[in-house]
Number of protein chains: 2
Amino acid sequence: MEGAPIVDRHATREVTKADTPRAAAPAEGSDDLIELLFFAYRDFVGDPDRILAQYGFGRAHHRVLHFVDRYPGLTIAELLDILRITKQSLNRVLKDLIEQDYIVQKTGANDRRQRLLFCTPAGTALAADLTRVQARRLARALSDPPEGDSTAYSAAEGFLLAMIDPEERAAVQRLMARRVGAVA
Amino acid sequence: MEGAPIVDRHATREVTKADTPRAAAPAEGSDDLIELLFFAYRDFVGDPDRILAQYGFGRAHHRVLHFVDRYPGLTIAELLDILRITKQSLNRVLKDLIEQDYIVQKTGANDRRQRLLFCTPAGTALAADLTRVQARRLARALSDPPEGDSTAYSAAEGFLLAMIDPEERAAVQRLMARRVGAVA
DNA sequence: GAGATATGTCAACAAGACTGACGTAAATGG
DNA sequence: CCATTTACGTCAGTCTTGTTGACATATCTC
């Protein structure tokens, strides 16, 4: 994983014609949120990734486990609708989870064609582990003082920024301040 | 792309022992945000994906193009720090973008080892197109009335929900209401 | 000039997505 | 009751995007 610098090098940047600031257009602020959402989501999925790696699972397994845990009795078709992947993709990871006893299938009582999905105790436990680290990050993000005005924009900005690893927030903010035409 | 149902089928669910409601623990609300963040991010990247497909590009190309556009003169090392991928991975997509004239490299003036990255006009135009659809979604999410109490939690919930395709919000909310122990 | 740094590149591999085709079991509608 | 549809499984091949490891080259720094 090699730490987490994010552009903290010897600021050896060039000043070229492309650096001439163009006016920071008003209401262009949601551009910043695009990046923050990228960084926030990256760190958000990074937490569970580390746990999953210990089990030989990936994000695809996580998503399946999560939804089956939270919505016991989900059918294959429903899961496909939620995840928006093909049944072939789903089947590969689902097979892993079933073979290793994290998920079980039960034939539907009303419709015997359906395979209802349930977590085993082991599956529930693993899902809880994964949920824990993500909920922790979210709880922290929500409890962190948003600071400043509470417009919808700054609330979202504060929320997304707080979703990023604390050690990295400064680096992200430094990067974003470097933007062409940034408000400095 | 085949529409976007998300669990709207003939509600043929079973009622089994696993459905016995377990008390919805208080302060467990950030669990909902986990899912909302998943759905929000899925739709958030879905917009640009459709545009990128027309160019034969993927998300990896998008990320490179985005950061080079916003931070002209970025070096390879800086980009690697931001994206957290290996130089081999970066090189593959960067090569595509350079060969097709969306990005150009310029040798650093201070340090001639560095390759400073810049967008061509075509690159800037494409980046603007991609940013536009994402900014549109964000602007809409921020302007949508959050409704109700304005705790940090419900602000985040409102923001994330508003990030989801409007046609699908109801389906997502229906799904989440179905959760085990949901507050009904 | 030696060594570190910035970048490029070859090769092999893995996860996770896709398409297309085909098979089976069960429900459903005439 | 039989034809069709639906729900699911699976085989086979491909693509994108990530990985590791090794090695080359140019440039900077001491």
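In what follows, every heavy atom counts, from backbone to side chain, and hydrogens, waters and symmetry copies are set aside. Just so we're on the same page: letters track the sequence lines, and every chain starts at 1.
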Handout entry: Donor-acceptor pair present, A:R92 side chain and C:dA17 base, under 3.5 Å
Key = yes
Problem - First of B:I76 and A:S89 reached from the 5' end of DNA chain C, by closest nucleotide - result: B:I76
Exercise for the section: Would you mind checking if B:D47 and B:R136 are paired as a salt bridge, meaning a charged N to carboxylate O distance below 4.0 Å? Expected result: no
Problem - Atom-to-atom span, OH of B:Y55 to P of D:dT16 - whole angstrom - result: 18 Å
Problem - Interatomic distance where CG belongs to A:D49 and C1' belongs to D:dG18 [whole Å] - result: 12 Å
Exercise for the section: Return no unless some side-chain N or O of A:T86 is found under 4.0 Å from OP1 or OP2 of C:dA17. Expected result: no
Fill in the blank from the handout: Separation of D:dT10 atom P from A:D96 atom CG, nearest Å, is 12 Å
Practice task
With the side chain of B:Q88 defined as its heavy atoms from C-beta on, choose the nearest nucleotide among C:dT9, D:dG9, C:dA26.
Solution key: C:dT9
Completion exercise
Quick note, B:H61 side chain, CB onward, closest among D:dT17, D:dC8, C:dA6 is D:dT17
Fill in the blank from the handout: Sorted by position of nearest nucleotide on DNA chain D, 5' first, the leading residue of A:K95 and A:R113 is A:R113
Completion exercise
Here the distance between atom C1' of D:dC8 and atom CG of A:N110, to the nearest Å, is 17 Å
Exercise for the section: Write down the distance between CZ (B:R59) and C1' (D:dC15), rounded to a whole number of angstrom. Expected result: 14 Å
Problem - From B:R140, B:R42, B:R137, residue fulfilling salt bridge (Lys or Arg N to Asp or Glu O under 4.0 Å) relative to B:D165 - result: B:R137
Handout entry: Between C1' of C:dT7 and CD1 of B:I98, the distance in whole Å
Key = 11 Å
Problem - Partners passing ring pair (Phe, Tyr, Trp, His ring centres under 6.0 Å) against B:H61 (at least two apart in sequence or in another chain) - result: B:F57
Exercise for the section: May I ask you to verify if any side-chain N or O of B:R63 is less than 4.0 angstrom from the OP1 or OP2 atom of D:dT16? Expected result: no
Exercise for the section: Can you figure out which of C:dT7, D:dT17, C:dA26 approaches the side chain of B:A60 most closely? Expected result: D:dT17
Problem - Salt-bridge contact B:R179-B:D32 (side-chain N to carboxylate O under 4.0 Å) - result: yes
Handout entry: Of the listed nucleotides C:dT7, D:dC8, D:dC28, the one nearest the side chain of B:R112
Key = D:dC28
Handout entry: Nucleotide nearest A:D111 (side chain, heavy atoms from C-beta), chosen from C:dC18, D:dA7, D:dG9
Key = D:dA7
Fill in the blank from the handout: Here the distance between atom C1' of C:dT7 and atom CG of B:N91, to the nearest Å, is 8 Å
Handout entry: Out of C:dA17, C:dA27, C:dC22, whichever nucleotide has its closest atom nearest the side chain of A:K87
Key = C:dC22
Handout entry: Side chain to side chain, B:L65 and B:V93, heavy atoms closer than 4.5 Å
Key = no
Exercise for the section: Grab the CG-C1' distance between A:D81 and D:dC8 for me, whole Å please. Expected result: 14 Å
